[in-house]
Amino acid sequence: MKRYFITGLLIWVPLVITAWVLSVIVSTLDQSLRLLPEAIHPQHLFGFSIPGAGALLTLAMIFLTGLLAANFIGQKLVGWWDKLLSRIPVVNSVYKSVKQVSDTLFAPNGNAFRKALLVQYPRQGSWTIAFLTGTPGGDIVNHLHGNHVSVYVPTTPNPTSGFFLMMPASEVVELDMTVDEALKYVISMGVVAPPKRPHVVTRHTDSQTQHS
């Protein structure tokens with residue numbers, strides 16, 4: 001009976017969690033209906049609410065915004081809007097910071113997570129998966145000796161929270177797996193392992209990349 005019960009759990013738990021996540025997303029997107037006048041709400045027009053109507057409205061708004069911003073006039077409007085927000089105190093700093101992050105994460109040519117890495121964290125001898133995000137910049141480079149890389153160490157099972165670290169490039173091992181495979185490995189707490197490939201270890205060094 002225990003085996004049957006566990007088998008049932010393995011079937012139902014992913015389904016329930018998936019349904020719950022989708023429900024939260026749809027209910028959040030449905031809040032966009034508040035932007036519409038009460039007279040044209042589905043509840044008023046049809047006499048009953050339509051689940052997901054707000055989600056469709058949100059997706060349509062995002063698509064139309066992108067369509068508008070893709071042409072010459074739209075680009076001018078976006079540029080004017082950016083300049084307007086950049087002149088407002090407090091709003092300026094928040095908007096610029098958020099925009100830089102969103103451009104990195106969602107832009108087609110963005111490189112939010114460039115490579116999957118293996119690093120020693122939180123102590124020597126303890127290894128975890130990290131993601132290459134770039135190299136240190138600004139005044140920081142004046143205080144670091146040698147070649148360093150910027151990495152993001154996600155937490156498990158929620159990879160949206162984690163730690164930003166700047167580590168010596170020689171202490172970082174580049175993994176032969178995609179970013180998606182590494183994320184699945186982190187989220188599953190090591191249960192969903194990526195497929196095996198020929199053993200290749202790549203280390204970033206100051207002058208060269210070593211393979212073993």
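A quick note: this is a predicted structure, and the numbers were derived from the prediction, not measured.
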Taking atom types as modelled, is there a side-chain donor on T155 or S161 under 3.5 Å from an acceptor on the other? yes

Atom pairs and distances, donor-acceptor, side-chain atoms in residues 52-71, under 3.5 Å, two or more places apart:
| residue | atom | partner | partner atom | Å |
| --- | --- | --- | --- | --- |
| T58 | OG1 | L29 | O | 3.0 |
| T58 | OG1 | S32 | OG | 2.8 |
| T58 | OG1 | G54 | O | 2.9 |
| T65 | OG1 | M61 | O | 2.7 |
| N71 | OD1 | I73 | N | 3.2 |
| N71 | OD1 | G74 | N | 2.6 |
| N71 | ND2 | L68 | O | 3.3 |

V119 and T128: CA distance, side-chain angles, deciding distance, side-chain contact (heavy atoms from CB on, under 4.5 Å) verdict: CA-CA 6 Å; V119 301; T128 189; 3.9 Å; yes

Expected output: side-chain Q120 to main-chain W127 donor-acceptor under 3.5 Å: no

Using the rule that two of Ile, Leu, Val, Met, Phe, Trp, Tyr join whenever any of their side-chain heavy atoms come within less than 4.5 Å, decide whether V173 and V179 are in one cluster. yes

Would a single hydrophobic cluster contain both L183 and L118, if residues Ile, Leu, Val, Met, Phe, Trp and Tyr are joined by side-chain heavy-atom contacts under 4.5 Å? yes

What side-chain donor-acceptor pairs closer than 3.5 Å can you find for residues 2-11, not counting sequence neighbours?
| residue | atom | partner | partner atom | Å |
| --- | --- | --- | --- | --- |
| T7 | OG1 | R3 | O | 2.8 |

In one Ile/Leu/Val/Met/Phe/Trp/Tyr side-chain cluster, 4.5 Å: W20, V13: yes

Any link between F164 and I140 through a network of hydrophobic side chains (Ile, Leu, Val, Met, Phe, Trp, Tyr) touching at under 4.5 Å? yes

Are W80 and V91 linked, directly or through intermediate hydrophobic residues, by side-chain heavy-atom contacts shorter than 4.5 Å (ILVMFWY only)? yes

So, T156 side chain and V186 main chain: donor-acceptor pair closer than 3.5 Å or not? yes

Does Y152 use its side chain to pair, donor to acceptor, with the backbone of G162 at less than 3.5 Å? yes

Exam field: side chain E171 to backbone P168, donor-acceptor pair closer than 3.5 Å: no

